[in-house]
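Reading through the structure tokens given below for one structure.
Fair warning: this is a prediction, and the values are worked out from it, not measured in the lab.
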Amino acid sequence: MNIKKFRLKKKLSQKKLVEKLNVSQQTVAKWENQKGFPRSEVLPKLAAILNCRIEDLYK
């Protein structure tokens with residue numbers, strides 16, 4: 001997943017993303033390190049925050 005790429009492009013810290021999604025920092029770190037993936041119900045909000053399409057996160 002390209003969550004980190006889009007997060008950095010938006011100049012958004014992991015901490016800010018955690019606050020916006022109401023998930024733990026460890027959860028976001030797992031997503032960014034490919035050790036876990038967001039649940040389907042989180043993807044639309046994540047894409048909206050990162051200003052991209054859900055499909056873009058998987059490219």
| Do Asn33 side-chain atoms and Ala29 backbone N/O form a donor-acceptor pair below 3.5 Å? | yes

| query | Is there a side-chain contact between Gln14 and Glu32, using heavy atoms and a 4.5 Å cut-off? | reply | yes

| Should Lys15 and Gln25 count as side-chain neighbours, where that means a heavy-atom distance under 4.5 Å? | no

Quick one: pull up [atom1] in [X] and [atom2] in [Y] and give me the separation to the nearest 0.5 Å.
| X | Y | atom1 | atom2 | value |
| --- | --- | --- | --- | --- |
| Ser13 | Arg7 | OG | CZ | 7.0 Å |
| Leu12 | Phe6 | CG | CZ | 13.5 Å |
| Leu17 | Lys10 | CG | NZ | 11.0 Å |
| Asn22 | Thr27 | CG | OG1 | 10.5 Å |

| task | Run the numbers on Leu57 and Leu50 for side-chain contact (heavy atoms from CB on, under 4.5 Å), then give the verdict. | result | CA-CA 9 Å; Leu57 295 172; Leu50 297 177; 4.0 Å; yes

Using atom types as modelled, flag every donor-acceptor pair under 3.5 Å from a side chain in residues 36-48 to any protein atom, sequence neighbours excluded.
{"from": "Arg39", "atom 1": "NE", "to": "Glu41", "atom 2": "OE2", "distance (Å)": "2.7"}
{"from": "Arg39", "atom 1": "NH2", "to": "Glu41", "atom 2": "OE2", "distance (Å)": "2.3"}
{"from": "Lys45", "atom 1": "NZ", "to": "Lys20", "atom 2": "O", "distance (Å)": "3.0"}

| field | Hphob cluster co-occupancy, Ile49 + Tyr58, side-chain heavy atoms under 4.5 angstrom | value | yes

| said: With a 4.5 Å cut-off on side-chain heavy-atom distances among I, L, V, M, F, W and Y, is there a chain of contacts connecting Leu8 to Met1? | reply: no

